[in-house]
Amino acid sequence: MNELELQKINKHYGKKHALCDFSYTFTNGIYGLLGPNGAGKSTLMNMITDNLLPDPDGGKILYNGEETRLLKDRFRSRLGFMPQQQNLYESMTAHTFLSYIASLKCLDRKSAEAEIPRIIERVELTESIDKKMGGFSGGMKQRVLIAAAMLGDPDLLILDEPTAGLDPKQRVIIRNMVSELGQDKIIIISTHIVSDIETIAKEILFIKEGHLIDSGSIPYLVEKVTDGEKSLENLYMQYYGEVQR
Ligand SMILES: Nc1ncnc2c1ncn2[C@@H]1O[C@H](COP(=O)(O)OP(=O)(O)OP(=O)(O)O)[C@@H](O)[C@H]1O
Ligand SMILES: [Mg+2]
């Protein structure tokens with residue numbers, strides 16, 4: 001079993017109520033988290049991955065029925081996270097960086113060393129594995145971060161705008177990779193680019209000003225389009241009233 005349950009998660013930054021009673025249950029499969037800038041996508045992902053201090057100010061996060069804050073390392077070791085910020089260690093090579101992340105994840109050193117070249121190949125960076133990341137393009141850096149998130153074959157993969165700033169070819173590479181990662185894990189991807197997820201997501205969550213405003217399978221959701229073609233993009237426009245960037 002693989003189940004992540006969010007129960008009424010709240011988060012304030014001062015007076016800003018960035019997440020409001022956010023509840024959802026994720027099971028194996030790919031989920032798209034859609035919303036414009038400032039909607040609360042990263043805040044939600046940071047809450048799940050415990051990347052922000054202090055804790056959510058209200059609510060519970062359960063992984064297979066147990067609170068993640070109590071599971072600690074037993075949760076972290078099953079988690080792969082790609083944060084939105086690119087805090088890459090510019091003087092490290094891609095290989096050194098991945099070894100470092102593997103050690104932070106407490107992965108077995110030998111199996112991590114065997115896994116790194118395979119993951120690097122998957123993100124098509126084999127030729128650059130021993131180059132310093134300071135010289136990498138934005139897309140290469142994104143792919144190293146995705147590789148780091150995939151280390152140790154996590155049961156829960158959380159990718160915060162993995163395709164931001166990428167050209168269409170690299171976006172497709174990443175989309176295919178995520179889709180191939182299979183259905184035996186929970187994958188949550190945030191984006192404001194509908195086409196990144198509409199062919200691969202089992203369910204979509206629409207987030208607006210910290211609230212979950214709608215969710216469900218794409219065929220279910222597109223029926224709600226009141227004007228024009230029944231597409232996810234039109235529903236996005238309906239909910240956010242703005243042209244996508
Ligand atoms: N550290 C912080 N301190 C104060 N306010 C914050 C902080 N982080 C986020 N916020 C605010 O909380 C709200 C949600 O931000 P968040 O980064 O979660 O949005 P997002 O959906 O990830 O946006 P984007 O698409 O730009 O990444 C925004 O109004 C933002 O300004
Ligand atoms: Mg964000």
Side-chain angles (χ1 to χ4, degrees), residues 4-24 26 30-61 68-69 79-88 138-139 141-146 148-150 154 156-168 170-171 174-175 178 186-198 200-201 203-216 221 232-245:
L4 181 75
E5 186 180 354
L6 311 182
Q7 294 181 347
K8 294 199 166 189
I9 303 299
N10 282 277
K11 178 69 189 174
H12 295 80
Y13 297 106
K15 284 192 181 149
K16 174 84 200 172
H17 199 172
L19 272 182
C20 316
D21 279 342
F22 200 105
S23 297
Y24 206 75
F26 301 89
I30 300 172
Y31 293 81
L33 182 59
L34 275 179
N37 292 122
K41 304 181 296 296
S42 296
T43 301
L44 182 69
M45 292 184 147
N46 289 335
M47 291 295 115
I48 296 172
T49 57
D50 194 23
N51 193 39
L52 265 194
L53 293 170
D55 292 338
D57 31 44
K60 272 188 190 168
I61 303 176
T68 54
R69 67 185 177 86
L79 180 70
F81 178 39
M82 174 187 176
Q84 185 168 8
Q85 273 84 22
Q86 291 199 359
N87 287 325
L88 277 185
K141 289 179 181 171
Q142 297 280 86
R143 283 183 280 145
V144 176
L145 287 175
I146 292 176
M150 291 194 319
L156 185 59
L157 192 58
I158 300 201
L159 307 173
D160 196 354
E161 297 198 29
T163 57
L166 300 191
D167 65 33
Q170 296 201 331
R171 291 233 301 269
I174 285 172
R175 188 173 61 206
V178 171
I186 297 171
I187 304 181
I188 309 174
I189 306 170
S190 81
T191 182
H192 24 213
I193 302 164
V194 171
S195 63
D196 279 349
I197 44 156
E198 68 180 342
I200 60 172
E203 285 179 23
I204 304 287
L205 288 79
F206 284 99
I207 180 168
K208 186 174 187 177
E209 292 164 10
H211 295 268
L212 178 64
I213 56 164
D214 207 353
S215 61
L221 287 170
L232 203 58
E233 204 151 44
N234 278 342
L235 191 62
Y236 187 101
M237 302 277 279
Q238 196 168 307
Y239 285 158
Y240 303 113
E242 61 189 2
V243 179
Q244 277 191 65
R245 288 174 303 118

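Order of listing sets the numbers, starting from 1, for every ligand and every atom in it. Predicted model, so just to flag it, every value in this text is computed and none were measured.
Because the distance cut-off is set at 2.8 Å, Ser42 qualifies as a neighbour of the Mg ion (ligand 2) through one of its N, O or S atoms. Not a single N/O/S atom of Ser190, whether from backbone or side chain, sits less than 2.8 Å from the Mg ion (ligand 2).
Every atom of ligand 1 with a heavy atom of Ser42 under 4.0 Å away is listed here by number and element: 17 (O), 18 (O), 20 (P), 22 (O), 27 (O). Applying the 4.0 Å criterion to heavy atoms of Gln84 picks out, from ligand 1, the atoms 27 (O). Under a 4.0 Å criterion applied to the non-hydrogen atoms of Thr43, ligand 1 contributes the atoms 14 (C), 15 (O), 16 (P), 18 (O). Remark: ligand 1 atoms within the under-4.0 Å shell around heavy atoms of Ala39 are 19 (O), 20 (P), 21 (O). Atom numbering of ligand 1 starts at 1 in the shown order; those under 4.0 Å from a heavy atom of Glu161 are 24 (P), 25 (O), 27 (O). The Lys41 neighbourhood of ligand 1 comprises atoms 18 (O), 19 (O), 20 (P), 21 (O), 22 (O), 23 (O), 24 (P), 25 (O), with distances under 4.0 Å to a heavy atom of that residue.
For Asn37 against His192, the heavy-atom pair with the smallest separation is ND2-CE1, 3.4 Å. Considering all non-hydrogen atoms of both residues, Gln170 and Leu166 come closest at OE1-CD2, 3.6 Å.
No donor-acceptor pair closer than 3.5 Å links the side chain of Arg143 to the backbone N or O of Ile174. With hydrogens and angles disregarded, no donor-acceptor distance shorter than 3.5 Å links the side chain of Asp214 to the backbone of Phe206.
The structure places CG of Leu44 at 5.5 Å from CD1 of Ile207, a figure rounded to the nearest 0.5 Å.
Residues Gln84 and Ser42 have side chains that bring a donor and an acceptor to within less than 3.5 angstrom of each other.
Here Pro36 has backbone heavy atoms under 4.0 Å from ligand 1, and that is the only part of it that gets that close.
When each of Leu205, Ile189, Leu4 is checked for a side chain to side chain contact (heavy atoms under 4.5 Å, CB included) with Tyr31, only Leu205 meets the rule.
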Check the pair Asp196, Arg171 against salt bridge (charged side-chain N to carboxylate O under 4.0 Å, His left out), reporting the backbone distance first and the verdict last.
CA-CA 7 Å; Asp196 279 349; Arg171 291 233 301 269; 3.0 Å; yes

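Not a single heavy atom of Lys11 sits closer than 4.0 Å to an atom of ligand 1. Residue contact annotation: Gly40 has a non-hydrogen atom under 4.0 Å from ligand 1.
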